[in-house]
Amino acid sequence: MRRERVRRWLLLTGLVVLTGVAIVFGSDLFEGHARDTLTPEEREWFDRHADSLVVGSYLNAPLSFINGKGELSGIAVEYLRLLEGKLGVEFRRASPTSVSELLQDMRAGRVDLASGLTRTPERLDYLLFSEPYVRIPNLIVVRQGTWEMLTLEEMQGLRISVGENFGAHEYLKRTHPELQLVPVPNDLEGLLRLSTGEVDVMIMHVASLSFHITQENLTNLHVAGRIPYEYELSIAVRKDQPILQRIVQKGLDQITEKEKESIWRRWVYAREPPFYLDPLFWRVVAILIVGVGVVVGTVITWNKALKRQVQARTHELAEAHRNVSFLAEASIILSETLDYSETLSRLGDLCVRHFADWCVIDVVTEGRVRRLAGAHLSPAKRPLLDILAERYPAQEGSPSPAGEVLRTHQPQLYPELSEEEIRSTCVSEEHAQLIIALGTRSAISVPLISRGHMLGVLTLGSGPLGRRYGRRELELAQEVARHATVAYDNARLYQQAQEAIRIRDAFLMVAAHELRTPLTSLKLRISILQRLAHEAPEQQVRTDSLLRELPRIQAQADRLRTLIEQLLDASCIGSGRFELMREEFDLCQLVQDVVDDLRDQLSRSGSQLELRTGCPAMGRWDRLRLEQVVTNLLANAIKFGEGKPLEVRVEPGPDTVRIVIRDQGIGFPIEAKARIFEKFERAVSERHYGGLGLGLFITRQIVEAHGGTILVESTPGEGSTFTVVLPYGEALAATPPSA
């Protein structure tokens, strides 16, 4: 009996001890390896392949990342290690990489399994997945002060950052293709872009957000909602290894809820120890109890800090008020007059008074850059700006701030400029010394852009004693530039409209005069015939008078027809209804015919004409239009070279044919060369030579419609040479006639 009691006591004691061990160490000691639950087929396959299986990892904290000790760590890594413990194996490790590269490696068969992947329709084509071992909700993260709450439907038009090829990325592409997604390699990159304003929204799971906010101290972010998609983290296996997927699932089934809870708390909800367990708390309490003076000192210090903050905020508000006042004054200046030269000059003076030591404004006119305004705080240094404008004007491609803006159309900020940095923006040492002499230690250049067109550049400089330019000053300068652009563009358009009105009025006056002249002459000739018909009943007298007056009437009618045809041609060109009727003919013969038609006019002018043609010159052109071109040019040569020799040449070449018409008449100055081919323009006075100012305009349009060009060289008092260059046309372009 005694032995029986001892045996029972020992058995009871053993049970108590085992129970205590189970309570202290958990039930894990009684759980066997997953390999004990494998079927014979699974065990045989696993024993044969375990040493060659390769596991891959991707870098995205806190799921998987390299910690400060250079070790691979994270939620997915810890689950993988638990799985290895349950299976009694240590897999071969592939180098950590991105999600995209890991998926490519698994598709290519270089990696057999990976932890921390989410099942998606796209991945099911080549992967098998275990049951999820953890589910993590996805959040909508924004910057503070933007949106309190936000949903996917409200995010259209926003820039949304999301991990490239992450499960959420594939979900959003599949379910919300209208969203503007900005893929990033990892969640940290996306958070940093969100924090700095490069994107508007970040989609990420709560574990990553909690980890990165703690690690990076990103205090300007705010959770605005969540999306209906959770990361269901699983272990993925290549699709051609279903037996491995079953083995992995049996291993995961052995992971206890306690182990899962431990991992979750360690990585997602890890918190600082309670304050009452911190010895520092009791030391602070003791200090507070011992001396109230510390509290008083802390309050005083806090009050001083608050005072500094109030002063800083007051300074900011005062600066903002000055900026608003400056912009208001600038708006008044820019709206007072439509003379943009005066407006921009006054704006430069205002910029100098407000926040710059010197200011220059360069504008782009007719493809050239010219200095329109310049101001300096010191009147003694104002001439330096004139020297700079004369010797080193701003131009696209130069290293100067204005040159960079002209090239890139982007604002340029130079917060702190050393002398070496100033030299790097100059084209010579003299240039650099002029900039240094102006007093330049900080600079801003901003573009004046209207409707996509570069109008000019506003450049501001601050000296050694002035302010240092930063982002706020750059924003202010850009706002000034926007106001100046609108005013300058309005003034420029107003002046263009005024010029167009002036040209129109001048044209109407000239057209009325030109049309009235032949009409007056016609009326006079008809009156003469009427008088003769009544006063001379003899048939012979009436016939002689008729024969004398009819050519004059015909000439005036022809002149009227020419003027009207010019007006109709100008109207067709302006409305886009100018068409060519091409046919094949000899250009040399056409020129000969025009010369013959103008023989009477040549005879009246007293000019001798020399015609030289390298016939034939066959091509496909519009016969009537080219007759018009040659007639206009030759008639001009006869009119302006009256009494002096004229020369007309036709010079066929291999690809083009040239028509050269030269006179030795009055010529015209070089400044008129750029405008004589414009509508209603002329190089001489209409009072002495007449005309509507349309002949050369129509001539150029006809030549360019044929794919050709027209050039002119002229010297006052020595005459002009017009050269028309024409391609042969489509049919004969491959085999042009020889000269």
Side-chain angles (χ1 to χ4, degrees), residues 507 510-511 514-515 518 554-602 605 609 611 613 617-641 646-651 656-663 676-683 689-712 720-729:
F507 165 72
V510 172
E514 290 297 319
L515 292 171
Q554 181 65 41
Q556 297 304 322
D558 290 343
R559 185 178 178 188
L560 264 177
R561 178 180 59 82
T562 300
L563 293 173
I564 292 171
E565 286 179 350
Q566 286 185 346
L567 288 172
L568 289 174
D569 284 343
S571 175
C572 289
I573 292 169
S575 63
R577 293 183 285 108
F578 191 73
E579 298 180 355
L580 299 180
M581 303 296 291
R582 290 182 182 266
E583 59 179 297
E584 187 174 338
F585 62 89
D586 183 2
L587 188 60
C588 294
Q589 185 60 49
L590 181 143
V591 173
Q592 181 67 60
D593 293 343
V594 172
V595 171
D596 292 341
D597 291 341
L598 295 177
R599 287 293 181 189
D600 290 344
Q601 190 174 344
L602 278 167
S605 72
L609 185 142
L611 175 61
T613 59
M618 300 297 295
R620 288 184 60 81
W621 303 290
D622 187 317
R623 181 189 295 272
L624 293 178
R625 290 301 183 184
L626 287 192
E627 283 182 359
Q628 193 175 358
V629 168
V630 178
T631 300
N632 283 344
L633 294 179
L634 188 52
N636 276 349
I638 294 171
K639 179 167 59 175
F640 298 120
L646 306 177
E647 180 183 359
V648 178
R649 301 196 307 272
V650 181
E651 302 173 345
T656 58
V657 58
R658 292 157 50 94
I659 305 173
V660 181
I661 299 177
R662 181 174 181 273
D663 67 71
I676 61 172
F677 292 105
E678 299 299 326
K679 192 185 297 185
F680 312 134
E681 292 287 352
R682 49 178 59 82
Y689 291 93
L692 298 177
L694 291 172
L696 289 178
F697 167 73
I698 295 171
T699 296
R700 187 185 70 174
Q701 299 300 320
I702 294 173
V703 171
E704 291 180 352
H706 281 83
T709 58
I710 182 168
L711 307 172
V712 61
S720 305
T721 301
F722 286 84
T723 302
V724 175
V725 182
L726 293 170
Y728 285 101

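Quantities reported herein were computed from a predicted structural model and do not represent experimental measurements.
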Enquirer: Would you find a donor on one side and an acceptor on the other, under 3.5 Å apart, between the side chain of Arg582 and the backbone of Arg620?
Expert: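 Looks like yes, one N/O pair under 3.5 Å.
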Enquirer: What distance do Leu602 atom CG and Leu634 atom CG have between them, rounded to the nearest 0.5 Å?
Expert: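 One finds 6.0 Å between CG of Leu602 and CG of Leu634.
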Enquirer: For the CD atom of Glu627 and the CG atom of Leu590, what is their distance to the nearest 0.5 Å?
Expert: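 So the CD of Glu627 and the CG of Leu590 are separated by 5.0 Å.
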Enquirer: State the CG-CG distance between Leu611 and Leu646, to the nearest 0.5 angstrom.
Expert: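 Rounded to the nearest 0.5 Å, the CG-CG separation comes to 11.5 Å.
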Enquirer: With rounding to the nearest 0.5 Å, note down the distance linking CG in Leu609 to CD in Gln601.
Expert: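 Going from CG on Leu609 over to CD on Gln601, the span is 11.5 Å.
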Enquirer: Would you name the heavy atoms of Ala637 and Ile661 that are closest together and state the gap between them?
Expert: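 It is CB-CG2, 4.0 Å.
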Enquirer: Of all heavy-atom pairs between Thr613 and Cys588, which one has the smallest distance, and what is that distance?
Expert: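 Residues Thr613 and Cys588, closest heavy atoms: CB-SG, 3.8 Å.
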Enquirer: With side chain to side chain contact (heavy atoms under 4.5 Å, CB included) as the test, would you mind laying out the steps for Val629 and His706 before giving the verdict?
Expert: CA-CA 12 Å; Val629 168; His706 281 83; over 6 Å; no
Enquirer: Would you give the length of the straight line joining atom CG of Asn636 to atom CZ of Phe722, rounded to the nearest 0.5 angstrom?
Expert: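 The distance works out to 6.5 Å.
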Enquirer: So does Arg649 have more than 12 non-hydrogen atoms from other groups sitting under 6.0 Å from CZ?
Expert: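 Atom CZ in Arg649 is packed in, count exceeds 12.
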Enquirer: Please evaluate residues Gln628 and Asn632 with respect to the criterion side chain to side chain donor-acceptor pair (under 3.5 Å), reporting the C-alpha separation (whole Å), side-chain torsions for both, the decisive distance (0.1 Å), and the verdict.
Expert: CA-CA 6 Å; Gln628 193 175 358; Asn632 283 344; 5.6 Å; no
Enquirer: Angle between ring planes, Phe585 versus Trp621, binned at 30° and 60°: parallel, tilted or perpendicular?
Expert: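 Geometry flag for Trp621 against Phe585: perpendicular rings.
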Enquirer: Between Val724, Leu598, Val591, which is the residue that forms a side-chain contact (heavy atoms from CB on, under 4.5 Å) with Val630?
Expert: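 Testing each of Val724, Leu598, Val591 against Val630, the sole residue satisfying side-chain contact (heavy atoms from CB on, under 4.5 Å) is Val591.
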Enquirer: Can you tell me if Asp593 and Gln589 form a side-chain donor-acceptor pair at under 3.5 Å?
Expert: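 On atom types as modelled, these side chains qualify, holding a pair under 3.5 Å.
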Enquirer: Could you state the interatomic distance from OG1 (Thr699) to CZ (Arg625), rounded to the nearest 0.5 Å?
Expert: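 Reported value, rounded in 0.5 Å steps: 10.5 Å.
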Enquirer: Do Leu633 and Ile710 have side chains that get closer than 4.5 Å, going by heavy atoms?
Expert: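 Counting from C-beta outward, Leu633 and Ile710 do come under 4.5 Å.
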Enquirer: Of the non-hydrogen atoms in Val703 and Val725, which two are nearest, and what is the gap between them?
Expert: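 Scanning both residues, the minimum pair turns out to be CG1-O, 4.4 Å.
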Enquirer: Could you tell me which non-hydrogen atom of Val657 sits nearest to which non-hydrogen atom of Ala617, and how far apart they are?
Expert: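 Between these two residues, the closest heavy atoms are CG2-CB, 4.1 Å.
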